[in-house]
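Throughout, protein chains are lettered first and strands after them, A, B, ... in sequence-line order, and every chain is numbered starting at 1.
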Amino acid sequence: MSHMSVVLNLKSHISELFAQALGVVAPEQDATILIERPKQVAHGDYSCNLAMQLAKPLRKSPRDIARALIDALPPSAVIEKVEIAGAGFINLFITKSAKQQIVHAVLHAGAGYGHIHQGQGRSVQVEFVSANPTGPLHVGHGRGAAVGDCLCNVLHAAGWKVTREFYYNDAGAQIENLMRSVQLRCKGITPDDPSWPEGGYRGDYINDVARAYMACETVEADDQHTTGRGDAEDTESIRHFAVAYLRREQDLDLRAFNVEFDVFSLESALYSEGKVEEVVSRLVASGHTYEQEGALWLRTTDFGDDKDRVMRKKDGGYTYFVPDVAYHLDKWRRGFVRVINEQGADHHSTITRVRAGLQALDVGIPAGWPDYVLHQMVTVLKNGEEVKISKRAGSYVTLRDLIDEVGCDATRYFLAARHPDSQLVFDIDLAKSKSNDNPVYYIQYAHARISTVLELWGGERLALLAADVSLLESPYEAELLQQLIDYPQVIESAAQDLAPHLIAFYLKELAAVFHSYYNASRFLVDDEAIKHARLALIAAAAQVMRNGLALLGIGAPEKM
RNA sequence: GUGCCCAUAGCUCAACCGGAUAGAGCACCAGCCUUCUAAGCUGGGGGUUACAGGUUCGAUUCCUGUUGGGCACACCA
């Protein structure tokens with residue numbers, strides 16, 4: 001292995017060294033090798049707890065095992081020294097020169113720095129947003145879009161072949177409801193009228209749809225063109241038009257949010273292509289269904305559900321989870337051994353049902369398939385008070401409202417920067433503020449500062465590839481080097497845990513380390529060798545900032 | 001009532017699938033611009049990780065229970 005490629009991922013290099021040592025010391029043990037970055041510098045650059053793990057099975061003292069492991073460790077040019085500490089930690093110190101080499105490794109790898117091979121080119125399909133085409137996207141969809149898209153970027157960087165998919169529930173009761181609401185608006189009836197149905201959609205946008213339909217406008221949504229008939233009695237035509245109109249609106253919202261999908265799947269297509277019927281007959285054939293009180297039930301309790309679920313209602317229609325099962329069978333047949341569904345936690349009850357339906361099909365789908373990432377609710381704050389409505393949608397805050405008010409970058413950052421499991425408070429005033437309170441600007445500012453310095457220098461970037469990085473010796477420089485070294489591990493963790501917020505936290509740290517360095521040092525100094533070394537370092541830092549910001553889908557401005 | 005998620009500094013949040021003295025930012029206090037962007041930096045105080053047990057060399061992390069908050073409990077999606 002070349003020196004350069006070792007430097008590109010020090011942690012996995014060390015992990016391999018310990019794997020070999022383990023093979024010598026205790027070949028019959030299959031302990032997991034965990035390499036950590038100690039919090040204290042005195043504990044070295046990396047530490048391994050393998051000896052303590054082995055103490056019990058081997059019935060020896062951890063420190064004796066640690067000694068044996070160290071003796072069996074293959075030689076490596078990047079290791080300065082190895083120590084045993086505490087209860088049996090093995091602490092490794094990396095040579096200064098190996099750390100300095102990260103600068104060249106990053107500059108050579110460019111946009112590819114941080115990419116790892118965890119996925120080994122395997123396919124993963126990520127379904128996210130999947131809003132019903134019954135209105136504009138709301139903040140919750142925005143969180144799904146930000147988390148899902150960032151997750152896709154992370155998985156791609158981790159070596160997965162990613163397909164982004166959006167599923168439109170364009171069939172079923174809510175579409176009927178939409179059609180009815182638009183129809184009433186076509187007839188001039190407003191939501192404050194006593195005759196307005198209980199569950200009717202009340203937002204202003206319904207009136208926009210009705211007006212466009214009556215004006216015989218043409219809507220181009222994705223793959224279809226639909227022209228309004230202007231006939232308030234033609235329910236079929238209103239239905240088509242309304243769905244197309246709102247799909248277009250959602251598409252525009254997503255485009256404004258910088259999110260693109262590879263595949264759009266339609267619930268209506270599952271019906272028209274006979275996939276829903278097929279799933280029903282397969283489930284009946286499986287023996288897990290029964291008829292009761294005029295309905296067809298699936299015995300989901302066979303697969304861990306707390307009660308059985310109706311598949312076909314008395315009125316002959318299917319409940320929503322039947323097409324869901326058909327949809328996921330379709331995903332499986334398309335060859336996606338790994339599927340991740342990003343959804344709001346308010347839909348978590350569907351998980352058991354979908355998985356149960358897939359198990360009942362008995363077609364070889366693993367019990368825990370597919371994976372889910374559920375994000376908790378978002379509340380929006382402005383002037384210290386919760387905002388609950390938007391003018392256009394009425395009952396909820398739209399994604400468009402946020403993008404228009406605080407911008408795409410800040411919206412994406414704040415919606416992706418929290419652990420999906422935690423509830424999120426979106427503070428509009430904070431997201432808007434152009435100050436150090438705002439992490440988005442803090443990070444982007446760091447990048448802009450570097451760009452300015454490099455521009456003032458005005459030299460050939462290629463010259464930096466020849467910089468003598470051994471001149472990078474200050475504590476500030478050491479810290480920045482370490483930060484760059486850590487980047488691939490952040491991607492690994494984020495991909496492993498499906499936790500894109502780790503990227504946001506890493507970037508904040510990277511920016512902080514850089515700002516400190518910037519404040520304490522000068523770059524455009526007289527000594528050419530030192531100048532080149534420092535410029536190479538901050539150019540590498542800027543590269544990593546660009547790479548990380550790209551994962552979040554956020555711009556890296558040259559000037560601010 | 002049942003299931004899922006959450007609880008860490010005054011506030012907003014981290015903590016590398018059990019590790020060594022639990023970390024940042026904001027706010028508060030005290031400093032730093034004739035110098036490459038002060039949208040920045042330096043220093044300081046601030047904690048029984050909600051509570052009670054358990055598992056072990058070692059727990060914010062895993063298990064049980066309690067309290068508090070969110071979500072879901074349809075022949076709606």
Side-chain angles (χ1 to χ4, degrees), chain A residues 11 32 34-40 42-43 47 49 52-53 55-56 61-62 85-89 91 132 134 169 171-175 177 199 267 292-297 305-307 309-321 323-324 344-352 374-377 379 417-425 427 430 433-442 444-446 448-457 486 489-490 492-494 496-497 501-502 504-506 508-509 511-512 514-525 538 559-560:
Chain A
K11 193 172 176 179
T32 50
L34 186 64
I35 306 296
E36 290 191 314
R37 297 244 20 247
K39 288 162 190 161
Q40 294 178 61
H43 295 153
S47 79
N49 67 353
M52 288 182 286
Q53 281 188 60
K56 185 166 270 184
S61 95
F89 290 101
N91 294 337
N132 295 337
T134 54
N169 286 103
Q174 81 282 4
I175 297 298
N177 202 351
E267 182 185 6
Q292 188 179 310
E293 296 170 15
L296 179 65
W297 296 68
D305 204 353
D306 51 359
K307 56 182 165 185
R309 305 292 168 175
V310 169
M311 294 170 57
R312 190 172 56 226
K313 300 178 277 184
K314 266 187 218 163
D315 68 9
Y318 295 113
T319 55
Y320 71 93
F321 95 93
D324 268 5
D346 54 340
H347 288 90
H348 78 265
S349 57
T350 67
I351 297 175
T352 314
L374 301 178
H375 63 258
Q376 297 291 323
M377 301 294 97
T379 50
R418 290 274 174 282
H419 190 111
D421 278 346
S422 296
Q423 289 165 239
L424 166 61
V425 177
D427 187 334
L430 176 61
S433 74
K434 302 202 169 186
S435 73
N436 49 352
D437 306 0
N438 190 336
V440 184
Y441 287 94
Y442 185 79
Q444 291 182 324
Y445 184 47
R449 274 182 148 178
I450 296 173
S451 299
T452 303
V453 173
L454 290 172
E455 195 186 312
L456 279 169
W457 168 55
D486 288 342
Q489 271 75 61
V490 176
E492 187 181 319
S493 300
Q496 185 72 40
D497 303 344
H501 70 287
L502 295 176
F505 274 90
Y506 169 81
K508 221 162 67 173
E509 273 178 43
F514 166 75
H515 282 307
S516 286
Y517 180 39
Y518 181 95
N519 228 260
S521 329
R522 294 197 59 78
F523 308 106
L524 301 176
V525 293
I538 63 171
K559 289 202 186 320
M560 287 176 74

Those residues that, when tested against A/Y506, pass ring pair (Phe, Tyr, Trp, His ring centres under 6.0 Å) (two or more places apart): A/Y487
Counting primed atoms, P, OP1 and OP2 as sugar-phosphate and everything else as base, the B/S/- map of nucleotides 2-14 of chain B against protein heavy atoms under 4.0 Å is -B-SS-----SSS
Going by side chain to side chain contact (heavy atoms under 4.5 Å, CB included), name the residues that satisfy it together with A/P38, two or more places apart in sequence or in a different chain. A/H43, A/S47
Salt bridge (Lys or Arg N to Asp or Glu O under 4.0 Å) against A/D306, all qualifying residues, sequence neighbours excluded: A/R309
Salt bridge (Lys or Arg N to Asp or Glu O under 4.0 Å) with A/R522: which residues, sequence neighbours excluded? none
Can you tell me which stems RNA chain B forms when a stem means 3 or more consecutive Watson-Crick or G-U pairs under 3.5 Å? B:1-7 with B:67-73, B:10-13 with B:23-26, B:28-32 with B:40-44, B:50-54 with B:62-66
Taking the six-membered ring for Trp and the single ring otherwise, decide whether the centroids of A/F514 and A/Y442 are under 6.0 Å apart. no
With the criterion being N/O to N/O and under 3.5 Å, what pairs connect the protein with nucleotides 49-51 of chain B, and how long is each?
none

Test side chain to side chain donor-acceptor pair (under 3.5 Å) applied to A/Y318 - qualifying residues, sequence neighbours left out: A/E277
I'd like to check the side chain to side chain contact (heavy atoms under 4.5 Å, CB included) partners of A/Q174; sequence neighbours left out, ordered by chain and number. A/N132, A/T134, A/N169, A/Y201
Just list the side-chain donor-acceptor pairs under 3.5 Å for residues 449-456 of chain A, sequence neighbours left out, or say none.
unit_1, atom_1, unit_2, atom_2, d
A/R449, NE, A/Y445, OH, 3.4
A/R449, NH1, A/H515, ND1, 3.0
A/S451, OG, A/H447, O, 3.1
A/T452, OG1, A/A448, O, 2.9
A/E455, OE1, A/K559, NZ, 3.0

Each nucleotide of nucleotides 55-60 of chain B classed B (base within 4.0 Å of a protein heavy atom), S (only sugar-phosphate) or -, in 5' to 3' order, makes -SS---
Using salt bridge (Lys or Arg N to Asp or Glu O under 4.0 Å) as the criterion, list what pairs up with A/D427, not counting sequence neighbours. none
